[in-house]
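So you know, we letter chains A, B, ... as the sequences are listed, proteins then strands, and number each from 1.
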Amino acid sequence: MSGKEYRTITDVKGPLVFLNKTEPVSFGEIVQLRLSDGSMKNGQVLDTSDDQVIVQVFEGTASVDRQTGVKFLGDVFKLPVSKGLIGRILDGAGRPRDGGPEIVADEMADIIGAAINPYSRQSPESFIQTGISAIDACTSLVRGQKLPIFSASGLPHNDIALQIARQAKLVDSDDDFVVVFCAMGITAEEYNFFVHDLERTGALENAALFVNLADDPAVERLITPRLALTAAEYLAFEHDYHVLVIYTDMTNYCESLRQIGAAREEVPGRRGYPGYMYTDLAMLYERAGLVKGKKGSITQFPILTMPGDDITHPIPDLSGYITEGQIVISRELHQKGIYPPINVLPSLSRLMNAGIGPGKTREDHKSVSDQLYAAYAQGRELRGLVAIVGEDALNERDLQLLKFADIFEDQFLRQSRDEDRTIHEGTLDLAWNLLANIDTKYLVRLDQKWIDKYHPTDKKE
Amino acid sequence: MSEENGVIYRISGPVVTAIGIAPRMYEVVRVGNEGLMGEVIELHGDQSVIQVYEETSGVKPGEPVVRTGQTLSVQLGPGLLTQIYDGIQRPLPKLEETMGVFITRGVDADGLDLEKKWDFNATVKAGDEVSAGQVIGTVQETETIEHRVMVPPGKGGVVKKIDSGSFNITEPVCKLEDGTEIAMMQEWPVRHPRPFIQKYAPDVPLMTGQRILDFLFPLAKGGTAGIPGPFGSGKTVTQQQLAKWSDAQIVVYIGCGERGNEMTEVLDEFPHLIDPNTNKPLMNRTVMIANTSNMPVAAREASVYTGVTIAEYFRDMGYNVALMADSTSRWAEAMREISSRLEEMPGEEGYPAYLSSRLAEFYERAGRVQTLAGDDGSVSVIGAVSPPGGDISEPVSQGTLRIVKVFWGLDAGLARQRHFPAINWLSSYSLYPQALDQWYRDNIASDFPEVRTEISTLLQVESELQEIVQLVGSDALPIDQQLTLEVARMIREFFLQQNAFHDVDTYSDLKLQYDMARAILSFQEEAKKAIAGGAQLEDVVNVPARTDLMRGRFEKGYNDKIEELVSEMGKQISSSMEAN
């Protein structure tokens with residue numbers, strides 16, 4: 001491209017700059033702004049016509065004036081990718097943040113990322129053992145899945161995410177995960193917590209970090225996850241790595257999306273979020289999976305904090321429609337002092353059935369999981385009843401279920417932050433031991449043949 | 001008036017404005033240097049507004065826009081079955097061949113294989129008079145489905161020459177006296193319903209093998225159903241169950257703005273699943289359309305029309321077609337997104353004001369009809385709806401419910417208890433039973449409607465009793481009401497719950513459904529007698545034969561054993577009375 005610099009800014013509104021009288025500029029093109037003090041900002045074309053171009057400025061429009069020079073770089077946003085990304089810390093726009101040298105690019109990858117042809121995908125079906133019973137038994141994770149953590153302010157979602165990153169492994173394989181970590185608007189404190197933990201366990205050498213903190217430009221957050229996922233795709237599909245992408249916090253991302261929408265005076269959808277938020281989120285979440293003929297995989301763990309603990313808020317709601325399940329963190333359990341405070345009832349893994357069962361985890365897994373759910377759900381419901389009528393009004397079955405709910409929370413859910421339970425002995429056998437507190441005749445979700453084989457007291461030797 | 005070539009004036013995401021051309025509304029145009037496919041959706045002075053079916057980043061004002069003169073159409077002919085398309089009928093395997101695993105852009109692909117030779121068997125002969133819609137020959141498209149080649153709408157006359165033999169789909173197989181040539185392939189604009197003679201009242205049930213659907217809330221062949229539910233409540237599993245087991249001869253499955261991995265699952269699974277009606281792989285009767293959530297939004301808008309047009313084409317051959325759209329909310333959102341880029345005045349929640357009329361138009365393309373050839377054919381439409389937060393007061397759910405005759409309401413609470421299918425039996429409804437009752441009496445059992453009423457009454461009574469139980473506990477109820485609760489629990493756990501992932505339980509034929517319902521009623525009857533005779537409720541409920549009856553549904557050959565199991569249960573219950 002010519003490298004012509006325009007000084008034709010007409011309007012500046014929030015993060016957007018409007019300018020006119022340019023030569024044809026392409027949609028999505030990268031823009032460089034040179035301010036009068038010589039400092040540079042970056043942006044991207046959001047709308048282009050013969051008369052007017054709208055540019056979104058990643059670093060915000062502070063100090064932009066009508067004299068600011070605007071240069072169109074003739075290309076869409078690209079990230080230099082290479083294996084050298086592993087072990088590096090980059091900022092939210094992809095520049096080194098760790099004081100190291102620039103990334104030596106093997107290739108420049110378009111960060112928007114093309115959609116994977118559904119026909120070319122491969123079904124995810126390798127069980128990942130996280131060592132956390134609540135997840136392994138009830139919302140089993142498989143490689144290539146996108147499973148968000150729905151949390152809320154003040155809950156230990158970061159600990160859970162880190163524990164998963166530390167412990168995640170395939171049952172019959174030594175393949176390690178490479179972690180791509182993407183921070184969007186989190187505080188420096190939270191960021192340090194992540195980095196220290198990754199350092200402490202040596203995982204940092206095996207990770208690539210993309211960091212946009214709370215005091216970094218808000219609009220930059222819109223590209224940070226795209227950079228992270230572009231890196232992940234490159235590592236997974238060009239270099240056969242199994243990549244675990246953790247990004248936090250999706251809520252901040254969506255706030256930025258809303259900010260841009262408002263600045264463009266778009267017609268808002270629910271609660272002021274843009275109508276295209278579903279599609280926009282899908283373009284991130286759908287960059288998970290496995291493809292035919294490639295060995296690598298991308299597994300995603302987005303973390304989002306539900307505003308007001310409200311699961312029907314547009315951010316968790318739209319996410320839930322795209323992701324393959326969700327892990328819901330409960331304030332109630334947290335207040336009871338249970339870690340990890342995972343409420344298994346609203347939690348779900350849509351790919352669970354593909355990843356469990358004979359040859360993968362164990363033949364009784366599905367049965368056990370269904371029974372745990374049913375018993376715990378009924379037990380919790382009975383707590384409400386007991387609050388009104390007292391335990392005396394319950395029959396034997398209900399009493400057992402009520403008691404089971406407590407045992408389940410105390411012994412099954414609760415584990416320490418570095419306790420890595422195996423799926424067989426650590427999780428499923430434990431589940432059987434706890435279920436044995438209920439009369440077998442009430443365990444209607446369990447196949448008789450599994451009772452005969454696994455029940456600690458009623459089995460047939 | 002008909003300038004052929006223009007230039008791009010403005011680009012905003014999937015919406016491109018062109019100047020210098022005068023296309024017709026809904027005409028397909030080629031946009032930019034790469035020739036991206038787009039459709040004209042608004043004319044505004046000398047500007048034409050185009051929705052583009054592919055990603056537009058990198059496209060510049062000043063690039064060319066070229067008219068094609070065509071409206072968005074699909075190719076119809078042998079080769080549709082077993083295929084998987086994107087929203088604008090590009091075969092995904094073909095796209096993989098040309099662009100690899102990621103979908104890039106600017107690639108054209110025919111919907112049908114134009115080279116492949118098919119064995120055409122003429123069923124009319126020279127001198128016969130044929131009219132639009134009439135079958136002139138057949139092709140064995142898959143093992144199970146015979147493709148009937150029809151005279152395209154608007155054509156007809158006396159056959160001059162017709163040949164059986166091996167042809168590709170563009171070669172003329174038949175020539176009429178007036179010189180019209182007919183090939184196996186025809187094209188049809190997707191936004192226009194295909195013609196038929198008249199619509200009939202639906203009076204035959206669409207069997208799905210799903211107990212709660214077939215028995216309590218049936219859908220008729222040619223009917224419409226909506227499945228709204230929050231995420232995680234099992235919409236997709238229900239849709240897939242219908243695609244697998246419904247007794248339609250052709251299934252069109254539209255994955256509209258949904259997850260990529262879900263489509264992959266369907267693709268992996270269907271070729272291995274056996275159709276219980278034909279014992280051949282289900283894939284043989286299936287056409288799939290997959291436009292996942294991250295694929296271009298304009299193509300998502302089109303995907304629903306592409307699907308329903310293909311469905312209508314098979315209907316015109318005289319087949320019963322079931323069409324699943326998962327999810328219509330994503331389709332509505334695509335409309336919203338495009339409408340907002342057009343800066344149209346929004347209706348409720350930002351959706352365009354024409355949302356409900358578009359929904360109505362789509363569902364109206366369902367129906368059991370007399371085809372142009374005089375045969376019977378039907379398209380049944382089942383649309384999933386994904387209401388935000390599970391709240392069905394939102395516009396898409398409401399727009400859907402105003403039109404559809406069957407409402408299968410999914411319930412997050414049931415899903416949380418792992419009660420699947422999580423269809424709420426109190427809020428769901430079907431308006432078809434009255435029209436279908438005669439069919440049930442004639443084909444299943446003369447008292448079928450009465451049994452159904454009894455079962456649904458029990459569920460209704462249970463919900464009233466539960467309110468009391470919530471206050472005082474179940475032990476405080478009189479014994480007959482406690483029994484009612486037990487019977488209702490049996491309906492829920494034994495009858496309504498059905499495990500989609502279990503080899504046997506996944507499908508129950510209607511006769512078995514009826515037998516199971518009878519088994520529950522006979523338990524109620526026997527238990528009442530026994531309790532009147534002094535037996536304890538607990539003993540009655542806990543007779544081993546009842547557990548056997550309930551667990552038995554997971555075993556093969558249950559259809560034959562159920563009668564025996566019921567009579568054994570009766571015996572044991574009677575003897576529990578004697579024990580006291």
Asks: Quick one: what part of B:R259 sits under 4.5 Å from any heavy atom of chain A, side chain, backbone, both or neither?
Replies: both
Asks: Return yes when atom NZ of A:K449 has more than 12 non-hydrogen atoms of other residues, nucleotides or ligands closer than 6.0 Å, and no otherwise.
Replies: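 Atom NZ in A:K449 is not packed in, count stays at 12 or less.
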Asks: Looking at B:E349, B:R551, B:E258, which makes the most heavy-atom pairs under 4.5 Å with chain A?
Replies: B:R551
Asks: Between A:V386 and chain B, with a heavy-atom cut-off of 4.5 Å, which part of the residue counts as in contact: side chain, backbone, both or neither?
Replies: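 No part of it gets close to chain B.
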Asks: Name the region of A:P314, side chain, backbone, both or neither, that has any atom closer than 4.5 Å to a heavy atom of chain B.
Replies: neither
Asks: Is the shortest distance from a Lys or Arg side-chain nitrogen in B:R10 or A:D50 to a carboxylate oxygen in the other one below 4.0 Å?
Replies: no
Asks: Counting heavy-atom pairs under 4.5 Å with chain B, which one of A:L290, A:L351, A:D51 comes out on top?
Replies: A:D51
Asks: Determine the minimum heavy-atom distance between A:A137 and A:L372, stating which atoms define it.
Replies: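 Of all heavy-atom pairs spanning A:A137 and A:L372, the closest is CB-CD1, 4.4 Å.
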Asks: Side chain, backbone, both or neither: which part of A:R264 has a non-hydrogen atom closer than 4.5 Å to chain B?
Replies: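 Only the side chain of A:R264 comes within 4.5 Å of chain B.
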Asks: Which pair of heavy atoms, one from B:E337 and one from A:Y276, lies closest together, and at what distance?
Replies: CD-CB, 3.2 Å
Asks: Under a 4.5 Å heavy-atom cut-off, does chain A meet the side chain of B:I103, its backbone, both or neither?
Replies: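 Looking at B:I103, backbone and side chain both touch chain A.
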Asks: If I measure from the heavy atoms of chain A, does B:F501 come under 4.5 Å with its side chain, its backbone, both, or neither?
Replies: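 For B:F501, side-chain heavy atoms alone lie under 4.5 Å from chain A.
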Asks: Would you indicate whether the side-chain heavy atoms of B:M288 and B:Y85 approach each other to under 4.5 Å?
Replies: no
Asks: Contact part of A:I30 toward chain B, heavy-atom cut-off under 4.5 Å: side chain, backbone, both or neither?
Replies: neither
Asks: Is it true that A:D110 and A:R226 make a salt bridge, defined as a side-chain N closer than 4.0 Å to a carboxylate O?
Replies: no
Asks: Tell me which of these, A:L284, A:D370, A:D310, A:T279, has more heavy-atom pairs under 4.5 Å with chain B than the rest.
Replies: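 Of the candidates given, the most pairs with chain B belong to A:T279.
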Asks: Relative to chain B, which segment of A:R271 carries a heavy atom at a distance below 4.5 Å: side chain, backbone, both, or neither?
Replies: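 Interface part for A:R271: neither.
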Asks: Is the number of heavy atoms from other residues, nucleotides or ligands within 6.0 Å of NZ (B:K94) greater than 12?
Replies: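 Atom NZ in B:K94 is not crowded, with 12 or fewer foreign heavy atoms closer than 6.0 Å.
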Asks: Hey, is A:R383 close enough to A:E391 for a salt bridge, meaning N to O under 4.0 Å?
Replies: no
Asks: Verify whether the ring centers belonging to B:H419 and A:Y373 lie closer than 6.0 Å.
Replies: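 Judged by ring-centre distance (under 6.0 Å), B:H419 and A:Y373 do not meet the cut-off.
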Asks: In this structure, are over 12 heavy atoms from other groups packed under 6.0 Å from B:E538 atom CD?
Replies: no
Asks: Look at A:Y321, A:Y278, A:F237 and state which one has the largest set of heavy-atom pairs under 4.5 Å with chain B.
Replies: A:Y321
Asks: Would you mind checking which part of A:S347 comes under 4.5 Å of any heavy atom in chain B, side chain (CB onward), backbone (N, CA, C, O), both or neither?
Replies: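 Backbone only.
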Asks: In terms of heavy-atom pairs under 4.5 Å, which option from A:G384, A:G28, A:A377, A:G275 contacts chain B the most?
Replies: A:G275
Asks: Of the listed residues (B:G62, B:P346, B:P93, B:G350), which shares the most heavy-atom pairs with chain A below a 4.5 Å separation?
Replies: B:P93
Asks: Measure the spacing between CZ of A:F72 and CD of A:E29 and express it to the nearest 0.5 Å.
Replies: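 Answer rounded to 0.5 Å: 7.0 Å.
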Asks: Can you say whether B:I84 sits under 4.5 Å from chain A via the side chain, the backbone, both, or neither, judging by heavy atoms?
Replies: side chain
Asks: What's the separation between atom CD1 in A:I322 and atom CG in A:L281, rounded to the nearest 0.5 Å?
Replies: 5.0 Å
Asks: Under a 4.5 Å cutoff for heavy-atom pairs, which residue among B:S12, B:S57, B:P61 has the most contacts with chain A?
Replies: B:P61
Asks: With a 4.5 angstrom heavy-atom cut-off, could you sort out which part of B:R105 is near chain A: side chain, backbone, both or neither?
Replies: neither
Asks: Answer with side chain, backbone, both or neither: which region of A:Q52 has an atom nearer than 4.5 Å to a non-hydrogen atom of chain B?
Replies: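 For A:Q52, neither part sits under 4.5 Å from chain B.
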Asks: Do A:S120 and B:E96 come close enough that some side-chain heavy atom pair is under 4.5 Å?
Replies: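 Yes, close enough: below the 4.5 Å cut-off.
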Asks: Identify the two heavy atoms, one from A:W450 and one from A:S367, that lie closest to each other, and give their separation to 0.1 Å.
Replies: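 Where A:W450 meets A:S367 most closely, the heavy atoms are CD1-OG, 3.4 Å.
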Asks: Which region of B:N542, side chain (C-beta onward) or backbone (N, CA, C, O), has a non-hydrogen atom less than 4.5 Å from a non-hydrogen atom of chain A, or is it both or neither?
Replies: side chain
Asks: So what's closer than 4.5 Å to chain A heavy atoms on B:P544: side chain, backbone, both or neither?
Replies: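 Answer is neither: B:P544 stays 4.5 Å or more from chain A.
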Asks: Report the residue from A:Q122, A:E324, A:E286 that forms a side chain to side chain contact (heavy atoms under 4.5 Å, CB included) with B:N261.
Replies: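 So, applying the side chain to side chain contact (heavy atoms under 4.5 Å, CB included) to B:N261 and each of A:Q122, A:E324, A:E286, only A:E324 qualifies.
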Asks: Which answer fits B:V59, side chain, backbone, both or neither, if we ask what part of it has an atom under 4.5 Å from a heavy atom of chain A?
Replies: backbone
Asks: With chain B as the partner, which of A:V291, A:N353, A:V76 has the greatest number of non-hydrogen pairs under 4.5 Å?
Replies: A:N353
Asks: If you count heavy-atom pairs within less than 4.5 Å of chain B, which of A:P346, A:A288, A:P268, A:A375 leads?
Replies: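 When all of A:P346, A:A288, A:P268, A:A375 are compared, A:P346 has the most.
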Asks: Relative to chain B, which segment of A:E125 carries a heavy atom at a distance below 4.5 Å: side chain, backbone, both, or neither?
Replies: neither
Asks: Classify the ring geometry of A:H313 against A:Y273: parallel below 30°, tilted from 30° to 60°, perpendicular beyond 60°.
Replies: perpendicular
Asks: Non-hydrogen atoms of chain A under 4.5 Å away: do they reach the side chain of B:Q497, the backbone, both or neither?
Replies: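 The side chain, not the backbone.
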Asks: Looking at chain A, which one of B:E344, B:R330, B:K235, B:E394 has the largest number of heavy-atom pairs inside 4.5 Å, strictly under?
Replies: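 Heavy-atom pair counts peak at B:R330.
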Asks: Please identify, among B:S329, B:S340, B:S386, the residue contributing the most non-hydrogen atom pairs under 4.5 Å to chain A.
Replies: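 Counting heavy-atom pairs under 4.5 Å, the top option is B:S386.
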